[in-house]
Every structure is written in structure tokens, then in C-alpha cells.
Amino acid sequence: MESDLADLARLWGGTRFAGPWGWSLATKRRYERIGIPSEDLPSDEWIAEVRKLSSREFACGYIKGLLGEIGDERLLGKEMIYSSSVLPDTCRLFSAPLIFKSPWSSSGRGVFVSQSFDEQTRTRLQGFLNTQGGFLVDRFYDSKTLDFAMEFFVNPDHTVDFLGYSVFHAATNGAYGFNLVESQASLLRRIDVDDALLQRLIDYHKAHLSQITYHGAVGVDMLKCADGRIHPCVEINLRMNMGILSLLLHHRYGSECSIPLTPHRHHGFNAVLEDGKLMITFIK
């Protein structure tokens with residue numbers, strides 16, 4: 001997948017997002033092997049801190065602070081917790097269905113929904129504990145009507161810019177479906193949440209993202225339920241992401257455009273912009 005979609009990087013080359021999709025020690029070592037001087041790359045210590053901030057354990061602490069400060073009854077997420085043990089009481093704090101996530105994963109891996117705390121669930125969670133030391137548990141919001149995100153950029157001086165909103169579709173297991181490539185006005189009509197509440201969330205994120213070690217692209221994933229309430233921090237992605245790429249594509253191509261974004265492959269992953277949707281497809 002990484003190789004097939006490498007050409008996507010040209011879409012943000014030459015912008016302040018230039019660089020890899022995200023930083024890891026493996027990514028840094030790859031840059032070193034092709035001759036990039038170490039002094040031009042992030043330190044191992046900085047990458048380790050970014051990995052820590054990218055954990056869902058950090059997101060659990062972050063949302064607790066957010067809900068405590070904003071305290072609006074329209075906000076969900078108070079039941080999202082991080083656990084380092086498979087204790088039944090941990091997972092029976094609220095009713096099923098539940099969604100479980102490993103501390104680090106992407107594209108739906110390390111995520112599953114369970115209707116009960118049965119032996120199969122316990123076994124899978126023990127696997128998370130054995131490999132990554134813990135897991136996140138939250139209510140599974142089966143009344144979800146919309147996935148959306150707030151996109152930011154943390155500058156090297158730790159000022160934070162709000163870039164805009166993105167609206168996307170994700171499967172039940174968290175696997176990415178597509179992003180809408182539309183104007184901000186159009187996306188806001190789809191989100192249809194009180195402007196004042198959204199602005200309070202933006203202000204909170206700008207204030208608190210400015211305090212972390214990381215600098216670069218940040219996406220805060222959210223969801224909206226049928227009753228109008230929103231979960232303000234499902235995930236925090238400290239990396240380039242499809243939402244920001246959608247903003248760049250709209251700026252370049254506008255709405256309802258259809259073009260290939262990577263060379264077409266008869267086998268493997270392809271990225272396309274089709275009728276205003278940014279999609280990753282896979283051909284066996």
C-alpha cells in the first residue's frame with residue numbers, strides 16, 4: 001500500500017506539508033539510507049515523543065480535559081477510557097455494543113466492535129495487551145450519521161492554524177472509505193452543528209495542540225449522531241491525512257472533479273478523485 005500510493009506525496013510537495021505521510025523511526029532510517037543528512041531529519045527523541053502523543057491513551061486523556069473545560073451536554077465521549085488490563089468491570093461501565101481499539105493502528109486494523117464481553121473479546125484484548133500494553137474502549141455509536149474532522153497545522157513556533165473541516169466515510173471497523181472534496185460551505189451544511197459550539201472546539205484544540213512537542217499536520221476525527229450530539233475527539237492523527245489532502249485537492253480542482261491521483265494498477269491500491277470523492281481502491 002505504501003509503495004502503490006507513494007505518488008500521492010507529489011500533491012502536497014512544495015507546501016508546508018511536504019515530507020512523509022508521518023514520522024516513525026523506520027521512516028527516518030529510510031531517509032538516512034537514501035542519503036538525507038541526519039541533521040535535516042527529526043531526532044529519535046522527537047519521533048519517540050510523537051509516537052507517544054499518537055497513542056489512543058493520549059486521546060483518552062485529551063478528551064477528558066476537553067469535556068471538563070467545555071462541559072456542553074451536546075458533547076459525547078465521557079465513556080471513552082484507556083485500560084491496561086482485561087478486567088470485566090472495565091468493560092461493563094456502559095452498555096453494549098462497545099468498540100475496542102489498540103493503542104496504535106490505522107486503516108481499521110486493531111479495531112473491533114463487540115456486543116458482549118465474551119471469551120472471544122477477552123482473547124482479542126489480551127492480544128492488544130501482549131503486543132501494545134493496553135486498549136481503548138468506548139461506546140459504539142450505532143446512531144452515527146456523519147464522520148467529520150477538524151484539520152490543523154502546528155507550526156514550528158507552536159502557533160496553530162485551523163485549516164478547515166473534512167467529511168469522510170469510515171466502515172464499522174474504522175477502515176477508510178472516502179473523503180468528500182467540497183467547499184467549506186458545503187461541508188458545513190452537511191455537518192449542521194451549531195457554529196458557536198464548533199468554534200469553542202476549534203479554540204480548545206488550537207490552545208492545547210500548541211502545548212505539545214509535535215509540529216506538523218493534525219486531524220481530530222469526530223462523529224455526529226442522529227440526535228444531533230457529537231463526539232468531539234474519536235481520534236487524533238498527528239500526521240498528514242486524507243482530510244487535509246481533500247482540502248488541497250479542492251483548492252486545486254474544485255468540486256465534482258474525476259481524475260486518477262496515482263498510476264492505475266491492475267493489482268494493488270489506486271487513489272482516485274471521482275465525482276468529488278477522494279477514494280482509495282484495491283484490486284486483487
Side-chain angles (χ1 to χ4, degrees), residues 5 7-19 21-22 72 74-75 107 141 144-155 159-171 174-207 209 216-262 270-281:
L5 301 179
D7 280 352
L8 279 177
R10 64 182 169 80
L11 296 169
W12 64 84
T15 72
R16 58 176 165 174
F17 306 103
W21 187 255
D72 192 297
R74 293 169 292 180
L75 297 180
S107 302
Y141 295 94
K144 180 183 75 172
T145 58
L146 189 75
D147 293 298
F148 68 108
M150 291 177 171
E151 310 293 351
F152 300 88
F153 191 86
V154 182
N155 297 293
T159 57
V160 180
D161 299 326
F162 173 60
L163 304 177
Y165 299 94
S166 63
V167 172
F168 63 98
H169 174 75
Y176 176 74
F178 60 83
N179 260 88
L180 296 177
V181 180
E182 298 179 353
S183 69
Q184 287 295 291
S186 176
L187 296 179
L188 274 169
R189 285 193 293 271
R190 292 180 183 274
I191 294 169
D192 190 26
V193 171
D194 176 58
D195 288 344
L197 178 57
L198 291 176
Q199 189 59 54
R200 290 176 71 192
L201 292 170
I202 291 170
D203 292 343
Y204 182 90
H205 293 314
K206 290 179 69 173
L209 291 175
V218 179
V220 181
D221 289 353
M222 308 165 70
L223 63 81
K224 181 182 178 183
C225 290
D227 61 6
R229 292 187 295 170
I230 62 173
H231 192 312
C233 185
V234 177
E235 302 270 356
I236 304 176
N237 297 305
L238 280 75
R239 54 171 170 75
M240 184 62 178
N241 61 71
M242 289 297 187
I244 294 176
L245 181 54
S246 297
L247 296 178
L248 295 175
L249 289 171
H250 184 265
H251 178 74
R252 182 176 298 186
Y253 299 112
S255 303
E256 301 180 1
C257 183
S258 295
I259 56 169
L261 299 175
T262 56
N270 296 282
V272 297
L273 180 55
E274 187 172 305
D275 298 327
K277 291 181 180 178
L278 169 59
M279 296 187 290
I280 306 298
T281 62

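- Between atom CG of residue N241 and atom CZ of residue F17 there is a gap of 9.0 Å, rounded to the nearest 0.5 Å.
- In this structure, CG on N270 lies 4.5 Å from OG1 on T281, to the nearest 0.5 angstrom.
- Here the closest heavy-atom approach between residue A217 and residue I244 is recorded as CB-CD1, 3.5 Å.
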Under 3.5 Å, which donor-acceptor pairs do the side chains of residues 161-169 form with other protein atoms, sequence neighbours left out?
residue	atom	partner	partner atom	Å
D161	OD2	R16	NH1	2.8
D161	OD2	N155	ND2	3.2
S166	OG	E151	OE2	2.7

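- Of all heavy-atom pairs spanning L247 and Q184, the tightest one is CD2-NE2, 3.3 Å.
- Of the inter-residue distances, the one linking F148 atom CZ with N179 atom CG reads 13.5 Å to the nearest 0.5 angstrom.
- Contact detail for D221 and A149: the closest heavy-atom pair is OD1-CB, 3.6 Å.
- Heavy-atom minimum distance, V181 versus S246: CG1-O, 3.8 Å.
- Using a 3.5 Å distance cut-off with no hydrogens or angles, the side chains of S258 and D275 do pair a donor with an acceptor.
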Checklist line | Criterion side-chain contact (heavy atoms from CB on, under 4.5 Å) on V218 and H205, from CA distance to verdict | finding: CA-CA 10 Å; V218 179; H205 293 314; over 6 Å; no

Next item on the list: For the pair L278 and L261, evaluate side-chain contact (heavy atoms from CB on, under 4.5 Å) and give the outcome as yes or no after the intermediate values.
Entry: CA-CA 9 Å; L278 169 59; L261 299 175; 3.4 Å; yes

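- Rounded to the nearest 0.5 angstrom, M222 CE and L198 CG are separated by 6.5 Å.
- Looking only at distances, a side-chain donor or acceptor of W12 sits under 3.5 Å from a matching main-chain atom of G19.
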Next item on the list: Evaluate the side-chain contact (heavy atoms from CB on, under 4.5 Å) criterion for residues L201 and I230: first the C-alpha distance (whole Å), next the side-chain angles of each, then the deciding distance (0.1 Å), finally the verdict.
Entry: CA-CA 11 Å; L201 292 170; I230 62 173; 3.8 Å; yes

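- Rounding to the nearest 0.5 Å places CD1 of I259 at 7.0 Å from CG of L249.
- Between F152 and V220 the shortest side-chain heavy-atom distance falls below 4.5 Å.
- Contacts of D72 classified as side-chain contact (heavy atoms from CB on, under 4.5 Å), with partners at least two apart in sequence or in another chain: I70, R74, L75, L197, R200.
- Across all their heavy atoms, L11 and L248 have their closest contact at O-CD1, 4.2 Å.
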Margin query: Could you go through L146 and D192, starting from their C-alpha distance and side-chain angles, then the distance that decides it, and tell me whether this counts as side-chain contact (heavy atoms from CB on, under 4.5 Å)?
Written below: CA-CA 10 Å; L146 189 75; D192 190 26; over 6 Å; no

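- In the displayed structure, K224 atom NZ is contacted under 6.0 Å by more than 12 heavy atoms of other residues, nucleotides or ligands.
- In the displayed structure, Q199 atom CD is contacted under 6.0 Å by more than 12 heavy atoms of other residues, nucleotides or ligands.
- A pairwise comparison of heavy atoms in M240 and L245 identifies CE-N, 3.8 Å as the closest pair.
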